[in-house]
Amino acid sequence: MTGPASELVVPGRPVDRGHLEIEVTEVAPWLLGKVLVHGSRAGRIVEVEAYRGEDDPASHAYRGRTARNAVMFGRAGHLYVYFTYGMHFCANVVCGEEGSPRAVLIRALAPLTGTAEMWAARPAARRPADLANGPAKLCQALGLDRRHDGADLITGDLGVWLVDDGTAPPESPDVGGRIGVSRAADRPWRFWVPGDPNVSR
DNA sequence: CTTTGGATCGTCT
DNA sequence: GACGATCCAAAGG
């Protein structure tokens with residue numbers, strides 16, 4: 001599904017790339033409330049985690065550039081999709097300056113549109129909140145995989161967009177340690193919308 | 001409700 | 001050759 005932004009299934013427009021080219025720990029909470037779109041499917045971002053390249057032992061880029069993490073080293077506004085546990089994909093928004101590997105892992109979405117497709121893509125889901133309340137679940141729900149690694153979320157070259165529909169980030173997001181990492185998990189770089197039923201775990 | 005272990009393979013040591 | 005930025009079903013309380 002490619003096409004101009006006027007074909008977006010949600011109101012709003014792609015975010016300004018410049019808003020992503022700053023400190024990753026500031027971008028992460030700013031992304032709460034934005035909308036991730038793939039074709040007819042869309043969900044509002046309700047939980048994220050920041051990963052800060054060379055400073056961060058938990059980051060895929062901690063030990064330098066490889067074929068896998070190359071997108072993290074590129075320009076802000078691109079999608080870094082990685083494969084893990086032999087069966088799952090997770091999606092990140094690349095941010096910061098070009099050459100400095102920073103990214104925000106999208107951990108949970110509140111489903112907005114295309115929910116029939118999401119249910120079909122997620123047969124294990126029992127409740128609406130099960131559709132996208134985890135980083136691999138939301139990739140399944142939206143149909144994101146290795147083909148979308150490197151997609152430009154501002155131009156929508158691969159049918160994937162990051163959209164601002166006017167919803168403001170929470171004034172005081174909940175903050176905590178990161179989940180599922182064995183190193184530097186205590187850094188308070190996980191942010192979520194207080195009380196949202198779609199937040200993971 | 002919580003805990004536990006299996007699935008499954010690309011990536012880097 | 002080991003280990004994941006995970007998910008799910010099954011078993012136990």
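Excluded from the calculations below are hydrogen atoms, water molecules and symmetry mates; all remaining heavy atoms, backbone and side chain alike, are included. Each chain gets a letter, A, B and so on, in the order its sequence line appears, and its residues count up from 1. The model shown is predicted, which means the values in this text are computed figures rather than measured ones.
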Does A/Glu97 have more than 12 heavy atoms from other residues, nucleotides or ligands lying within 6.0 Å of its CD? no
Would you grab the first and last nucleotide of DNA chain B (5' to 3') that comes under 4.0 Å of any non-hydrogen atom in chain A? B/dA7 to B/dT13
How many Å lie between [atom1] on [X] and [atom2] on [N], as a whole number?
X        : N     : atom1 : atom2 : answer
A/Asp186 : C/dA5 : CG    : C1'   : 15 Å
A/His60  : C/dC3 : NE2   : P     : 16 Å
A/Glu47  : C/dA5 : CD    : P     : 16 Å
A/Ile179 : C/dC7 : CD1   : C1'   : 13 Å
A/Arg63  : C/dG4 : CZ    : C1'   : 13 Å

Sequence neighbours excluded, the answer for side-chain contact (heavy atoms from CB on, under 4.5 Å) partners of A/Ala125 is A/Trp119, A/Arg122, A/Asp130, A/Leu131
Could you identify which residues of [range] place a heavy atom less than 4.0 Å from some atom of DNA chain C, listed by residue number, or say none?
range                       : result
residues 78-88 of chain A   : A/Tyr82, A/Thr84, A/Tyr85, A/Gly86, A/His88
residues 125-149 of chain A : A/Gly134, A/Pro135, A/Ala136, A/Lys137
residues 102-124 of chain A : A/Leu105, A/Arg107, A/Arg122, A/Ala124

Does [X] use its side chain to pair, donor to acceptor, with the backbone of [Y] at less than 3.5 Å?
X        : Y        : result
A/Glu21  : A/Ala76  : no
A/His38  : A/Val160 : no
A/Asp157 : A/Asp152 : yes
A/Asn92  : A/Val94  : no
A/Asp149 : A/Val81  : yes
A/Asp56  : A/Tyr62  : no
A/Glu47  : A/Ser200 : yes
A/Thr113 : A/Ser40  : yes

Think A/Arg178 forms a cation-pi with A/Tyr51, using NZ or CZ under 6.0 Å from the six-ring centre and within 45 degrees of its axis? yes
As a check on the pairing definition, encode DNA chain C in dot-bracket form, counting Watson-Crick and G-U wobble pairs whose two distances are under 3.5 Å, and using | for partners outside this strand. ||||.|||||||.
Aromatic plane relationship, A/Tyr82 with A/Tyr80 - under 30° parallel, 30 to 60° tilted, over 60° perpendicular: tilted
Could you label the plane-to-plane angle of the A/Phe89 and A/Phe83 rings as parallel, tilted or perpendicular, counting under 30° as parallel and over 60° as perpendicular? tilted
Looking at A/Ala136 and A/Cys90, what are the two nearest heavy atoms and their distance? N-SG, 4.1 Å
Carboxylate-amine/guanidinium proximity below 4.0 Å for A/Arg44 and A/Asp165: yes
